[in-house]
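Structure first, commentary second.
Keep in mind that this is a model prediction, so the values were computed, not measured. So you know, we letter chains A, B, ... as the sequences are listed, proteins then strands, and number each from 1.
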Number of protein chains: 2
Amino acid sequence: MSNRLHPLEFRHVTRRIPQARDRGIPDATVARLPLYLRALNGLAERGTPTVSSEDLAAAAGVNSAKLRKDLSHLGSYGTRGVGYDVQYLIYQISRELGLTQDWAVAIVGVGNLGRALANYGGFVSRGFRIAGLLDGDPQVVGDRIAGLTVEHADELETVIKRRGVSIVVIATPASAAQQVCDRVIEAGVTSILNFAPVVLSVPDGVDVRKVDLSIELQILAFHEQRKADGVVM
Amino acid sequence: MSNRLHPLEFRHVTRRIPQARDRGIPDATVARLPLYLRALNGLAERGTPTVSSEDLAAAAGVNSAKLRKDLSHLGSYGTRGVGYDVQYLIYQISRELGLTQDWAVAIVGVGNLGRALANYGGFVSRGFRIAGLLDGDPQVVGDRIAGLTVEHADELETVIKRRGVSIVVIATPASAAQQVCDRVIEAGVTSILNFAPVVLSVPDGVDVRKVDLSIELQILAFHEQRKADGVVM
DNA sequence: GTGCCTTTGTGAAGGCATGCACAAAGTCGG
DNA sequence: CCGACTTTGTGCATGCCTTCACAAAGGCAC
């Protein structure tokens, strides 16, 4: 028996690596940029011309040093003694996040959640255009939702290729999710937002983000129980 | 990701206190427990009696060492050479998360998202009971959704107190969220799941978790843009 | 131009999470 | 009852993230 490293032990290392070759922005930072963007848009609406890291941090609910470090990854866009120009920073963050371009999104699965997503204003207002709604249920196909007609899931590949869809939202039941996932990847999609309560298995190079509504509630329940147990708060 | 401190409050640290007979389970672990639970339920349905950390980790999509370390925080529930008893582990994790008790949840805001949440099966099946649906729009009040009648938001305090609601889901427009938040806290609620795109300001001792659908899309767009820019993957 | 005041950008330290590697512990066939 | 085998639980090293603290930079008043 060898006590050296097994040469084949990198099966589980296939995870996406944040790797710093270019301007490698830390994942934690990327996840907060949308937060800053939202706060900035709020300030812009009120006509605020500039904002300090302290104030912006408060509006976004983070520590100001963290905010400054996050922004420093994008470049040096602040002015010492003054703060950040709101409009300019909005543009820079948007550009970094890729929101200055138009993204075509398809939603697969038009149940309650799919409908809610289709009608959700937060997408359209940020450069995401819903280019297709698809469902496997003939009962639902043909419905008009948010200005779009629901198409049959058979059309998935066609819709993706014809309309240049690059991001797919999976809002199907758990049982259909992996199959849909495989098909959209086969059709060339490499970014997936998954609402189905399953772990999707995907090849390298494909990004999957998962939103699980019940997990959040379970985490809350954990903390709520802690409080009730008489733990010193 | 969690109840963050307000930037101006970090002098008097009232942070989560790990002391007290220290069963202090790391936040990162708590966030994964629901994942393990789901994987275990899948195994239980197929009648699997025991599972190794390797297999369970694969089903949950995590590293097996991480899984073992996570579980070790709950206690020593595995058997060396064999693995974990599926049913027993389900029970232990459920208990730790507080899912063995019944949680009354109220959903405020019955738009598209609120309706989707009310109909979402993942809640009920995990010990969460929807005890109230409320909305400020008289047009919506009286609608029957998921077996419940929508009540007017004026009833918020009454509903919370009479029905023992301990977790509130805010699915209102951004403009109403803070007001709803203040009211439910005043009524004694200390756990809030917020879908409105605003940073809620709450006193210490109140847990807020936030789900923002558009943030996830923006993070995907960031990575998608990176790929398109010809970055080496 | 000078000096003061504000605020950024970042070096450094500490904390937390991750994943490897292995000893300890338990099973199982014979 | 024993020895081989499997798998857990964990010490440890590593790296990322957060936060503090401060020097450097720029604005502004005069």
Fill in: Distance below 4.0 Å between N63(A) side-chain N/O and dC20(D) OP1 or OP2
yes
Worksheet item: Can you name the residues that form a salt bridge (Lys or Arg N to Asp or Glu O under 4.0 Å) with R80(A), not counting sequence neighbours?
Response: none
Item to complete: Check whether any side-chain N or O of Y84(B) sits under 4.0 Å from OP1 or OP2 of dG26(C), and answer yes or no.
Response: no
Worksheet entry | Residues which pass side-chain contact (heavy atoms from CB on, under 4.5 Å) with D182(B), listed by chain and number, not counting sequence neighbours | Q178(B)
Practice prompt. List in chain and number order the residues that pass salt bridge (Lys or Arg N to Asp or Glu O under 4.0 Å) with R32(B), two or more places apart in sequence or in another chain; answer none if no residue qualifies.
Written response: D70(B)
Worksheet item: What's the NE2-P distance between H73(A) and dT18(D), to the nearest Å?
Response: 10 Å
What nitrogen or oxygen pairs link the protein and nucleotides 10-17 of chain C at under 3.5 Å?
unit_1  : atom_1 : unit_2 : atom_2 : d
dG11(C) : O6     : K69(A) : NZ     : 3.1
dA12(C) : N6     : K69(A) : NZ     : 3.0

Worksheet item: Y77(B) has an atom OH; how far is it from atom C1' of dT7(D), in whole Å?
Response: 19 Å
Worksheet item: What is the distance from CG of L71(B) to P of dT7(D), rounded to the nearest Å?
Response: 16 Å
Discussion item. List the residues meeting salt bridge (Lys or Arg N to Asp or Glu O under 4.0 Å) with K210(A), not counting sequence neighbours, and say none if there are none.
Written reply: D212(A)
Under 3.5 Å between N/O atoms: give me all the protein pairs with nucleotides 28-30 of chain D, atom names plus distance.
none

Item to complete: Kindly write out the residues that satisfy side-chain contact (heavy atoms from CB on, under 4.5 Å) with Q101(A), not counting sequence neighbours, or none if the list is empty.
Response: W103(A), Q225(B)
Practice prompt. Return the value, rounded to whole Å, for the distance between atom CG of D70(A) and atom P of dG9(C).
Written response: 12 Å
Discussion item. Working note: E54(A) + R68(A), criterion salt bridge (charged side-chain N to carboxylate O under 4.0 Å, His left out); need CA distance, chi angles, decisive distance, verdict.
Written reply: CA-CA 9 Å; E54(A) 194 70 41; R68(A) 288 198 297 278; 5.1 Å; no
Worksheet item: Rounded to whole angstrom units, what separation is found between the CG atom of L67(A) and the C1' atom of dT8(C)?
Response: 11 Å
Discussion item. Restricting to non-hydrogen atoms, name the atom on S64(B) and the atom on A57(B) that form the minimum distance, rounded to 0.1 Å.
Written reply: CA-CB, 3.5 Å
Item to complete: Could you pull out all residues at least two apart from T190(A) that satisfy side-chain hydrogen bond (donor to acceptor under 3.5 Å, both in side chains)?
Response: E224(B), K227(B)
Fill in: side-chain N/O S53(A) vs dT7(C) OP1/OP2, d < 4.0 Å
no
Worksheet entry | Interatomic distance where CD belongs to E54(B) and C1' belongs to dC20(C) [whole Å] | 13 Å
Worksheet item: For V105(B), which residues count as a side-chain contact (heavy atoms from CB on, under 4.5 Å) partner, sequence neighbours excluded?
Response: F128(B), I167(B), V169(B)
